[in-house]
Trainee: 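Here you go, one structure.
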Amino acid sequence: MTEQERREYTYQLASRYADPFTPIAFALAAAVLGLLIRNQAAALAAVIVFIAGFYVLWITMPQLARAGAVDPTLAAWVPSLIFLLLGLGLAWRVNR
């Protein structure tokens with residue numbers, strides 16, 4: 001087994017655990033953002049930007065893991081962790 005195959009298998013295994021957590025982190029971030037922004041059109045635009053940003057991360061991380069630039073396990077969890085931290089930060093701001 002080559003190093004690239006090992007990275008690919010490691011990423012696939014880690015993503016099987018990370019992917020079910022992703023909707024929870026994304027929903028938290030999007031919901032809090034919707035509460036934070038009063039204007040409905042601006043909130044919708046912000047959620048669309050969230051979706052686009054998440055998609056870019058979700059597509060980019062496997063490529064970085066295959067290339068060896070990022071640890072495969074970390075690459076599987078990065079989109080979820082970023083949106084979880086963003087959601088928690090925004091929730092803290094809404095609660096202040």
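Just so it is clear, the model here is predicted, and its values are computed rather than measured.
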Trainee: Using the rule that Ile, Leu, Val, Met, Phe, Trp and Tyr join whenever any side-chain heavy atoms are under 4.5 Å apart, tell me whether I24 and I51 fall into a single cluster.
Mentor: no
Trainee: Taking distance alone, no hydrogens or angles, what donor-acceptor pairs closer than 3.5 Å link side-chain atoms of residues 74-90 to residues at least two apart or in another chain?
Mentor:
residue : atom : partner : partner atom : Å
S80     : OG   : T22     : OG1          : 2.6

Trainee: Say you draw a straight line from CH2 of W58 to OG of S15; how long is it, rounded to the nearest 0.5 Å?
Mentor: 9.0 Å
Trainee: Which atoms form the tightest heavy-atom contact between A43 and I37, and what is the distance?
Mentor: N-CG2, 3.7 Å
Trainee: Give the cluster check for L35 versus F26: same hydrophobic cluster or not, with ILVMFWY residues linked at side-chain heavy-atom distances below 4.5 Å.
Mentor: no
Trainee: Show every side-chain hydrogen bond (donor to acceptor under 3.5 Å, both in side chains) that has at least one partner inside residues 63-76, sequence neighbours left out.
Mentor: E8-R66
Trainee: Check the hydrophobic clustering (I, L, V, M, F, W, Y; side-chain heavy atoms under 4.5 Å; chains of links allowed) and say if I59 and F54 are grouped together.
Mentor: yes
Trainee: Establish whether V56 and L64 are linked, either directly or via other cluster members, by ILVMFWY side-chain heavy-atom contacts under 4.5 Å.
Mentor: no
Trainee: If two hydrophobic side chains count as joined below 4.5 Å and joins carry through other members, does M61 share a cluster with Y55?
Mentor: yes
Trainee: Taking E5's backbone N and O only, do any of them form a donor-acceptor pair with T2's side chain (distance below 3.5 Å, no angle check)?
Mentor: yes
Trainee: So, taking the atom named OG1 in T10 and the one named CZ in R6, what distance separates them when rounded to the nearest 0.5 Å?
Mentor: 5.0 Å
Trainee: So, does R7 use its side chain to make a donor-acceptor pair with the main chain of P72 at under 3.5 Å?
Mentor: no
